[in-house]
Participant: 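For reference, the structure I am asking about is given below.
When a ligand or atom number is given, it counts from 1 through the structure's own listing order.
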Amino acid sequence: MSQFTYNNGVMHAEGVSLSAIAEQYGTPTYVYSKAQLLANFDSYADACAGRDALVCYAMKANSNLAVLDLLARRGAGFDIVSGGELLRVLAAGGDPAKVIFSGVGKTVDEMRLALTHGILCFNVESIPELHRLNEVAASMGKVARVSLRVNPNVDAKTHPYIATGLKANKFGVAFDDALDTYRAAAKLANLEVAGIDCHIGSQLLDDAPLLEALDRLIELIDALGAEGIHLHHLDLGGGLGIDYGDEEDSAPVPVGDYLGRVFKRIDGWRAERHGGKPIKVIFEPGRSIVGNTGVLLTRVEFIKNGEEKNFCIVDAAMNDMARPALYQAWMDMQPVVQADTGAATYDVVGPVCESGDWLARDRALSVQAGDLLAMKTAGAYGMTMASNYNTRGRAAELIVDGEQVHLVRRRENPADLFALESLIK
Ligand SMILES: *Cc1c(COP(=O)(O)O)cnc(C)c1O
């Protein structure tokens, strides 16, 4: 059930009308539902109940401190990709012992910071990174727990959405090199080989490629075990898709179904090995935790009817929501107040000076200047990818909890944007 529904013809976030929110807080504004956020996390947590499993929210999807705090209090760990993200986890009261650190380019300073705080594991993506981490840990008199991000090279032909699990990309260690890389890691004195991980792509509607990746990881875990290298955890990454409301998309597999199949496979594998040592399972969901928790609320500035196209010019832009400009992503755009007058077809665009600055194309909308629109399913990779291009302050962020509205990030004003700059003396 969505937390963004029409009540008397006006779209609400939980119990609060988006019209009232726009009146009080202005636009463009990200509005998140606390109930939706917790329900999404719980769908993972419930499927993991009674198991040795950890859900590490991939916070690059939405890293607002209030979001992190709500998830941390619910028991979430975090998947981070920078030292800055670790500082956010700490600022939000998250537990560094439940943090895993992903990414291909970790700096010495970032490694030091993460070791200082005793994170759970580094997801290492190359041999040079293993050596750097070993040296940094040695210089601090510490041992770093590592997992290798393996690139399972699952078949792309049948799953065109997979973007990161193939041989031809910058992520991970090639499947065929994985054993050698583990042997190299096991020889480094200040590393503890703890796990294996993969992350094969994003917005996967079908879990077949994820289960195929799991099978490949299991193959490696068995091969490593045969050499006396025993892993503490296996981490399947994130990537589960969500319903953006695009009619062409099929419905994404429910979280519980996917996790159920993962655990069934793992239980079967353990039974085959006559009750071999249990292994902790980690998931790194991002989009499926926060995507449908948010809308981007925007107001129509002008309607501009052209010879070939009609434009609906709004006060949100590609700097607020980059997904359409960046990936030609289809995002649902709905009026906040339902109108019964005739609709026309519009491209919904922002004021930024780029032709790529569009939010939605060829949409039937019944709109006038001054109306409010809600871009749905905007909670993931929205605010975290926002920029200040065109010296536009980033949007405010709100969390609605029932009838209550909490401002969790104030709108940036222009003075904020050049506060760090100085003139040549
Ligand atoms: C981005 C990312 C995730 C989260 O992906 P979603 O598709 O948002 O679930 C998980 N793990 C890693 C390593 C990532 O880079």
Participant: Among Leu179, Ile229, Leu234, Leu231, exactly one meets side chain to side chain contact (heavy atoms under 4.5 Å, CB included) together with Leu220. Which residue is that?
Facilitator: Leu179
Participant: If we only count heavy atoms from C-beta on, is the Tyr244 to Arg323 side-chain gap below 4.5 Å?
Facilitator: yes
Participant: Please list, by chain and number, the protein residues whose heavy atoms come under 4.0 Å of ligand 1.
Facilitator: Ala58, Lys60, Asp79, Ser102, Arg149, His199, Ser202, Gly238, Gly239, Glu284, Pro285, Gly286, Arg287, Tyr381
Participant: Against the six-membered ring of Phe175, is Arg216 placed for a cation-pi contact (under 6.0 Å from the centre, within 45° of the normal)?
Facilitator: yes
Participant: Judged by modelled atom types alone, do Asn319 and Ser387 share a side-chain donor-acceptor pair under 3.5 Å?
Facilitator: no
Participant: Can Thr345 and Arg363 be counted as having a side-chain donor-acceptor contact under 3.5 angstrom?
Facilitator: no
Participant: With sequence neighbours left out, which residue pairs that include part of residues 75-87 fulfil the side chain to side chain donor-acceptor pair (under 3.5 Å) condition?
Facilitator: Asp79-Ser102
